[in-house]
2 protein chains.
Amino acid sequence: MLHVAEAARVSVATVSALINGTATVSPELSQRIEQAIRDIGYKRNAIARSLKMGTTRTIGLTVPHITNPFFTDVVSVIQQAFDRAGYAVMLCCTDEDLNTQDEQIRLLLDRMVDGLIVARVGDGAILKRIVDDANVPVVLLDRLCKGVDTDAVVLDNQRAVFDAITYLINLGHRRIGYITGTSDISPMHDRMTGYREALHAAGLPIAEELIRFGNFHEIDGYNATMQMLSSHDRPSAIFSANNPMVIGTMKAIRDIGLSCPEDISVACFDDFPWSDVFQPQLTTVAQPVQAIGEQAANLLLDRLAGNRDAPPRKLVLKGRLMIRNSCRPLGAMAQSVSA
Amino acid sequence: MLHVAEAARVSVATVSALINGTATVSPELSQRIEQAIRDIGYKRNAIARSLKMGTTRTIGLTVPHITNPFFTDVVSVIQQAFDRAGYAVMLCCTDEDLNTQDEQIRLLLDRMVDGLIVARVGDGAILKRIVDDANVPVVLLDRLCKGVDTDAVVLDNQRAVFDAITYLINLGHRRIGYITGTSDISPMHDRMTGYREALHAAGLPIAEELIRFGNFHEIDGYNATMQMLSSHDRPSAIFSANNPMVIGTMKAIRDIGLSCPEDISVACFDDFPWSDVFQPQLTTVAQPVQAIGEQAANLLLDRLAGNRDAPPRKLVLKGRLMIRNSCRPLGAMAQSVSA
DNA sequence: TGACATGATCGAAACGTTTAGATTAGCGTT
DNA sequence: AACGCTAATCTAAACGTTTCGATCATGTCA
């Protein structure tokens, strides 16, 4: 900018005024300055600007796994929204590790991001402390977090799973296996509640041996399914509360020599683009990924636009049960299948 | 930092020296400073540091679509690699739009990223100019770019498709449909060459009506497939040079009342996690996503570590044909199927 | 004792912006 | 002619670091 100013024989203040339109500058000088900018190929240094302005027009986004199709889609939507608004987004993946995420958030805050969208991988104690003294707006994505009282957009997980399990029950299923991630994050907790309530509402007993915990990965779904299927009294249906794990479930079913839906019905959380072209077409709970991403972006953009001290807003969206052909009615066959 | 210095009754220079270990500071002062840092909760401002140092420890990554499973995986790997190295990554998605990408690259350079990884969506003219005068190391990902002579990691696309098409030919297929993205980007061009060469090597004619161009999206694959399948002399196999488009292909096959592989064989580029659990299990060309991501990251990290004027390095990796059950042998049935 | 090397600490400039406040010129009023 | 007002421009401080060179105390050696 100094060089531009010299070349145009004006002060840097005038150059700045012209570039930002913060003051009127005469047509004559404007022209000289613009010419100089072109000649020199000047680009404003956003870092220097950030230092002075205290804002970077950059936000941080941290999610557990970008390869989970739910997060893939949501990240994509969020990225586009902020792109449109002239913000850059720094992306971090956490691999469900709490310390990693804390570290990443610190890194992002060091870099002075203007805001943060976080799908929290664990409890909120440290998160709360970190963001409290950084004084940066945060919106929680997908997962609520005890003690962190900020904007959030989540799904009505309990209801979504309640509906899915009720659907299975109505098909005649009585023993329904349930595979979930560790329940210390809110969606897993709520989904589990939905499962229990659905059984309860139908007057069915809850068989604890049909509830298996994994760590969100395919292999965990595989192992859990293997265990359930090799028991003497196996379930007639399995619901996977997490998308990557359902792949493991399908592989286990295949490896054990059964087939879906003939021998066992399967449904899971999170839809994916392939779900209705291959067989079996999985019955899933689809999240409104577009809306989730947009709402999260909007909440944060609103804070960034200056609306700092509105009370925290919590958006709860509805899931949608996509009924396909991976679950079959049991009827009179119930006895033989679950035997 | 000023506050820390005051609280510890030392100069800012000393604080800086201690934090960065750039000079020895006495145990006594060290302790006072560390105490002050803790008391105040001081965090170094990375923006100010970047301004002074001329480096941000941030890189820019721009890809066409994060929802394309190939890019999903590669982005994930790259993100992890830079995370380990203490770099942040700014992610941009381009939606295959050239102007958008140019704009994003400018945005990234304004923010003084230390390096750039780009999966270029179009020709390189502007890219070359942009990076030339920014003097920032660039590595091209997945796609080469005429005139941009930098580090790159790509697949041997021609060979990969050659092998896949040859496989189909060996199964007895003679009329093989080919669906591709616009051929002005290098992988699409090379894959097409592989297709033509495979037919040529087998002494088969190239039927131009069996080659269809789309814009990388599911709908394009759908339309292209619809057209091919409703012709009087339809192909017995279809190869999709792009993953999202193959979904469209499968939907078209379903909608038109055919089934795969009984009525028509299908293979495509890019593997995905679901490919071997659902039916049909798609035969695909798998890219070594892990290696691609790691190599790209390593190339850039090497430049960032100071190895600036080594000549451009171009890494060409091999694809792997994953043979499953979506392509069936034709043998004596060839006539009736292609009729 | 004086000269000198060594080690610890500090002062101040620099990175490239923005912006408050000062300065100047031009103009219309009285 | 003197005055004030407005619009255009400039000067200089500030943002929070890093780092060069200066300063100063201490110990070593002749």
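Just so it is clear: chains get the letters A, B, ... in the order the sequence lines come, proteins before strands, and each one is counted from 1. Source: prediction; values computed, not measured.
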Is B:Arg313 salt-bridged to B:Asp302, going by a charged N under 4.0 Å from an acidic O?
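Result for this pair is yes, salt bridge flagged.
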
Under 4.0 angstrom between B:Thr14 side-chain N/O and C:dT9 OP1 or OP2:
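No, B:Thr14 has no side-chain N/O under 4.0 Å of OP1/OP2 on C:dT9.
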
From CA spacing to verdict: side chain to side chain contact (heavy atoms under 4.5 Å, CB included), A:Leu141, A:Ile78:
CA-CA 11 Å; A:Leu141 177 72; A:Ile78 290 177; 4.2 Å; yes

Is the shortest side-chain heavy-atom distance between [X] and [Y] below 4.5 Å?
X	Y	value
A:Arg120	A:Gln101	yes
A:Asp95	A:His217	yes
B:Asp151	B:Pro137	no
B:Val121	B:Phe216	no

Identified side chain to side chain contact (heavy atoms under 4.5 Å, CB included) counterpart of B:Ile105 within the set B:Val113, B:Leu116, B:Val138, B:Ile126:
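The passing option is B:Leu116.
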
To the nearest 10 degrees, how far apart in direction are the end axes of the helix from C:dT1-D:dA30 to C:dT30-D:dA1, each fit to five base pairs?
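About 70°, once rounded to a multiple of 10°.
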
Pair B:Thr58, A:Arg111: side-chain N/O donor-acceptor within cut-off below 3.5 Å:
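Distance-only check passes for B:Thr58 and A:Arg111.
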
Does the side chain of B:Asn20 come under 3.5 Å of the side chain of B:Arg44 through a donor N or O and an acceptor N or O?
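Indeed, the side chains of B:Asn20 and B:Arg44 share at least one donor-acceptor pair under 3.5 Å.
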
Protein-nucleotide distance ([X], atom [atom1]; [N], atom [atom2]), rounded to Å:
X	N	atom1	atom2	answer
A:Leu18	D:dT9	CG	P	10 Å
B:Glu6	C:dC10	CD	P	13 Å
B:Asp110	C:dT17	CG	P	10 Å

Least distance between heavy atoms, A:Val316 atom then A:Leu155 atom:
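What the structure gives for the nearest pair is CG1-C, 4.0 Å.
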
Between the protein and nucleotides 16-18 of chain D, which nitrogen or oxygen pairs are less than 3.5 angstrom apart?
residue	atom	partner	partner atom	Å
D:dT17	OP1	B:Tyr42	OH	2.9
D:dT17	OP1	B:Asn45	N	3.1
D:dT17	OP2	B:Met1	N	3.4
D:dT17	O5'	B:Tyr42	OH	3.3
D:dT18	OP1	B:Asn20	ND2	3.2
D:dT18	OP1	B:Arg44	NH1	3.4
D:dT18	OP1	B:Arg49	NE	2.8
D:dT18	OP2	B:Ser16	OG	2.7
D:dT18	OP2	B:Asn20	ND2	3.2

Give every pair of a protein N or O atom and an N or O atom of nucleotides 6-8 of chain C that lie under 3.5 Å apart, one pair per line with the distance.
residue	atom	partner	partner atom	Å
C:dA8	OP2	B:Thr24	OG1	2.3

